[in-house]
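Residue numbers start from 1 in every chain, and the chains themselves are labelled A, B, ... in the order their sequence lines are given, proteins ahead of strands.
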Amino acid sequence: MKHHGGTPPVVLFSSMSEEDRHLRFEGESDCEPAPLPTLRHSCSHIMAQAVKQLFPDVKLAIGPAIEDGFYYDFAKPEPFTSEDLLRIEQRMSEIIVKDLPFVREERPREAAIRFFEERGEPFKVEILKGIDAATVSLYRQGDFVDLCRGPHVPSTGHIRAFKLLSCSGAYWRGSEKNPMLQRIYGTAWLSREDLDKYLWRLEEAKKRDHRKLGRELDLFVFQDVSPGAAFWLPKGMVIFRELERFWRDVHDARGYQEISTPVLVHKRLWEQSGHWDHYRENMFLVEAEEQIFSLKPMNCPESTYVYRHHLRSYRDLPLRFSELGRLYRFERSGTLAGMFRVRQFTQDDAHIYCRPDQLQAEIMGVLEIVQLLYGAFGFEPRFFLSTKPEKAMGDPALWQQAEAALQDALAKRDLPHELRAGEGAFYGPKIDVVISDVLGRDWQLATIQLDFVMLPERFALEYIDADGQPKRPVAIHRAIYGSFERFVGILTEHFAGAFPTWLAPVQARVLPVSEKVAAYGRSVFERLREAGIRAELDDRNEKLNYRIREAQLQKIPYMLIVGARESQDGTVSVRRRTDGDAGVVAVEGFLAGLAAEISSRSVTLTVGRS
RNA sequence: GCCGGUGUAGCUCAGUGGCAGAGCAGCUGAUUCGUAAUCAGCAGGUCGUGGGUUCGAGUCCCACCGCCGGCUCCA
C-alpha cells in the first residue's frame with residue numbers, strides 16, 4: 001500500500017484476530033506465540049480431549065484461542081448441557097493434574113489425511129485437503145491427537161486458571177449453509193487472580209447492562225409489540241435531549257445547517273441511489289395505492305434533494321447539512337440486542353458537499369468535532385483509515401487525493417491511526433473511530449466516509465466553478481455518536497447509570513427531614529426548578545434514611561437535606577452520591593456551583609457505589 | 001434466519017398434573033424521624049399467545065411470538 005505523504009500510520013494493535021489466524025491459516029502458527037494465547041490454545045486442546053473421553057462419538061472441528069479465552073467446535077447431535085460442562089471441566093482438571101506433555105509430530109500431508117480418516121474425523125480431513133503443504137504438524141497429549149500448527153505450552157500442567165463459560169451453536173467454517181456445530185466457550189489465564197479479575201469483569205458488565213439499568217432507572221424499555229425499537233421514558237428522553245442539545249451547540253457553531261427529510265420514501269429514490277439493488281433485504285417496505293415506499297434506512301440520498309434545491313456555485317461550498325434522522329433497518333430477529341442492535345434508531349448524520357480542494361479542511365473539522373464530543377465523556381478515540389478496495393468506482397486520481405486528505409488531516413491533528421488497506425467502500429475511503437469503555441470493551445461509533453460516486457454521480461450533483469463550468473462535488477458522510485440509541489446504551493454501561501450531572505435525568509433531590517420543614521423543602525425545590533435545575537422533592541412520609549437510599553439507588557448526583565437548622569439559616573446540607581455528606585452551604589452558593597458544573601458539561605460524580 | 005435456553009403480579013423470583021405464592025414496589029393508616037430499607041393493614045394475575053392431551057394443565061405435547069447467550073448478517 002502506498003502512502004501519500006503525512007506521517008506513516010501507527011499500528012495500535014494487530015489487525016489479525018486469533019480466530020482468523022486459526023481458521024484461515026494466516027500467519028505462521030495457530031495462535032500468536034505469546035504466553036496467553038498459547039495457554040488458551042492449549043486449554044482448548046485439553047477441553048477437546050476431555051470431550052472426546054466423555055463423548056467418544058463427537059467429531060472435532062476446530063478450536064482457536066480468542067480474545068479473553070478460547071472455544072472448540074464439535075459435531076454432536078445433541079447440544080451440551082450445563083451439567084455436561086461441569087463434567088468436562090472436571091475431566092479437564094484431571095488431565096491437567098496428569099501433566100501430560102504436548103508432543104509435536106510432523107507427517108506427510110497424505111499420511112495425516114489417512115490418519116484422520118481412520119480416526120473418523122471428517123472435519124480434520126476436510127481441513128487437511130485444503131492445506132497446500134507437503135508436511136503438516138500434529139500435537140499429541142496423552143490419548144489425544146489434533147491437527148495443529150501450535151505453539152503449545154510444554155505440558156497440560158501449565159494450565160492453572162481456566163473456566164468453561166457457555167455453549168452455543170456455530171456454523172462449520174462460519175457459513176450458514178454449512179451444518180451447525182456445538183461450540184463450547186472457555187476462558188484461561190496465567191494466574192488465579194487474573195481469572196478472578198476477568199470473572200469479576202463479566203459480573204460487573206452484567207450489573208451495568210443497559211437493559212437492566214434502563215428499566216431500573218426509568219430510562220427506556222423494550223416491548224413485545226415493537227421488537228428492536230425503544231420506548232423512551234421521560235428520564236431517558238432527558239438524556240437524549242441533552243445529547244441533542246450538546247450536538248446542536250457544537251454543530252451550529254461550525255457552520256452546519258440542520259435539515260429534516262421524509263421517513264417514508266418512494267422506491268424510485270432507492271433505485272437511483274443503488275440501495276434497491278444492494279440493501280433491499282434490510283429495508284421495511286410499505287405499499288400504498290399500488291406504489292412501493294420504504295422507511296428510510298439511511299439519510300444520504302435525500303440530502304441530495306436539499307443540495308439540488310438551488311444551482312450551487314463554487315462559492316457556496318462547503319455545504320454542511322446535518323440531520324438527526326430516524327432510520328429503520330430490518331435486522332434479523334436473532335441479531336437484536338437491546339440498544340446495541342435495533343431496527344429503529346436516530347443517527348446524528350451530516351452530509352458535507354465540498355470541492356476536492358476543500359476535503360482536507362473539512363475532514364479536520366469533523367475530526368475536531370469527534371474529539372470535542374468524545375472528550376466530554378472521557379472517551380479516547382482511536383482512528384482507522386480504510387483505503388481503496390479492489391472493486392472501487394471513481395477517478396483513481398481522486399481516490400489518491402482523498403486518501404491523502406484523510407491521512408494528512410489525521411496527521412495535522414496529531415492523531416495516530418491504523419491503516420486498513422483495501423477496506424474502504426467502493427465509493428470512497430473512510431476513517432472509522434473506535435472508543436473503549438470503562439470495562440475495556442471496544443465500540444465503533446463515528447465514521448467519516450468520503451463519497452465520489454453514490455451521491456455525486458448517481459444524483460448528478462454539480463456546482464458552477466470559477467471557470468463557469470459545471471463540476472462534480474465530493475460528499476462526506478459522517479456520524480459522530482453513530483446512533484443516539486446505541487450511544488445512550490454505551491453511556492449507561494460506561495457510567496453504570498451514574499451519569500455526569502449535566503446528563504443526569506434528575507440532578508438534585510430535596511429531602512426534608514420531616515413534615516415540620518416541608519414548606520422550606522418545597523421552597524428550596526422551587527428555587528432549583530426556577531434556576532433550570534432538574535430537581536425533585538421527596539417529602540413522602542418515610543424515614544430520611546429510606547429516602548436517601550432511594551435517591552442513591554436512582555444515582556441522583558446531589559441530595560439536599562433540609563431540617564430545622566437549614567430552614568433557619570437558609571442553607572442546604574449537601575450529600576453527593578459519590579462520597580456522601582459534603583457539609584452545609586447557602587442555597588445561592590450551591591446553585592451557583594451546580595449551574596457552573598452543568599454548563600461546563602464536566603464528567604463529574606460518576607464513580608459511586610453500585 | 002439458525003442452535004440452545006427462557007417467559008408466573010410493576011420488579012426479582014418460588015411453584016414437577018389437584019384452590020396461583022413470597023419479597024420489594026403500590027395504596028391506606030400509624031409514626032415526624034439528621035445522611036443507604038419504621039410498623040401494620042389492603043390491593044394486585046387471561047401463568048407470553050393459540051391449539052392439543054387429561055376428569056383436571058402454570059406444570060405434559062405442538063405451533064407461533066418476545067427475550068437471553070452464541071452463530072450468521074451488518075453494500
Derivation and outcome, side-chain hydrogen bond (donor to acceptor under 3.5 Å, both in side chains), residues A:Thr261 and A:Lys296: CA-CA 10 Å; A:Thr261 63; A:Lys296 63 175 171 182; 2.9 Å; yes
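Using N1 to N3 plus N6-O4 or O6-N4 for Watson-Crick, or N1-O2 and O6-N3 for G-U wobble, each under 3.5 Å, B:A40 pairs with B:U28.
As rounded to the nearest Å, B:C33 and B:C68 have P atoms that lie 47 Å from one another. Going from the P atom of B:A22 to that of B:G15 covers 15 Å, rounded to whole Å. B:C2 and B:A20: their C1' atoms are spaced 36 Å apart (whole Å).
Among the candidates A:Tyr72, A:Phe74, A:Phe123, A:Tyr171, the single residue satisfying the side-chain contact (heavy atoms from CB on, under 4.5 Å) test with A:Leu181 is A:Phe123.
A 4.5 Å side-chain heavy-atom check between A:Thr387 and A:Leu406 finds every atom pair outside the cut-off. At a threshold of 4.5 Å between non-hydrogen side-chain atoms, the residues A:Phe293 and A:Lys267 do not count as touching. In this structure the side chain of A:Arg329 never reaches within 4.5 angstrom of the side chain of A:Met283, judged on heavy atoms.
For a distance-only test at 3.5 Å, the side chain of A:Tyr171 qualifies as a donor-acceptor partner of the base of B:G1. Put simply, the side chain of A:Arg341 and the base of B:C73 share a donor and an acceptor less than 3.5 Å apart. A:Arg549 contributes no side-chain N or O that forms a donor-acceptor pair with the base of B:U35 under 3.5 Å. For a distance-only test at 3.5 Å, the side chain of A:Glu515 qualifies as a donor-acceptor partner of the base of B:U32.
Under 4.0 Å is where a charged nitrogen must lie from a carboxylate oxygen, and between A:Arg341 and A:Glu331 at least one such pair does.
Spacing between atom CD of A:Gln554 and atom P of B:C24 amounts to 18 Å, rounded to whole angstrom units. When rounded to the nearest whole Å, the span between CZ of A:Arg577 and P of B:A36 equals 17 Å.
A donor-acceptor pair under 3.5 Å is formed between the side chain of A:Gln507 and the backbone N or O of A:Arg534.
A:Tyr546 has a side-chain polar atom (N or O) that falls below the 4.0 Å cut-off from OP1 or OP2 of B:A25. The phosphate of B:G69 (OP1 or OP2) has a side-chain N or O of A:Arg211 nearer than 4.0 angstrom.
Within 4.0 Å of A:Ala425, counting heavy atoms only, lies no atom of the nucleic acid at all.
A heavy atom lying under 4.0 Å from RNA chain B marks none of the residues of residues 80-90 of chain A.
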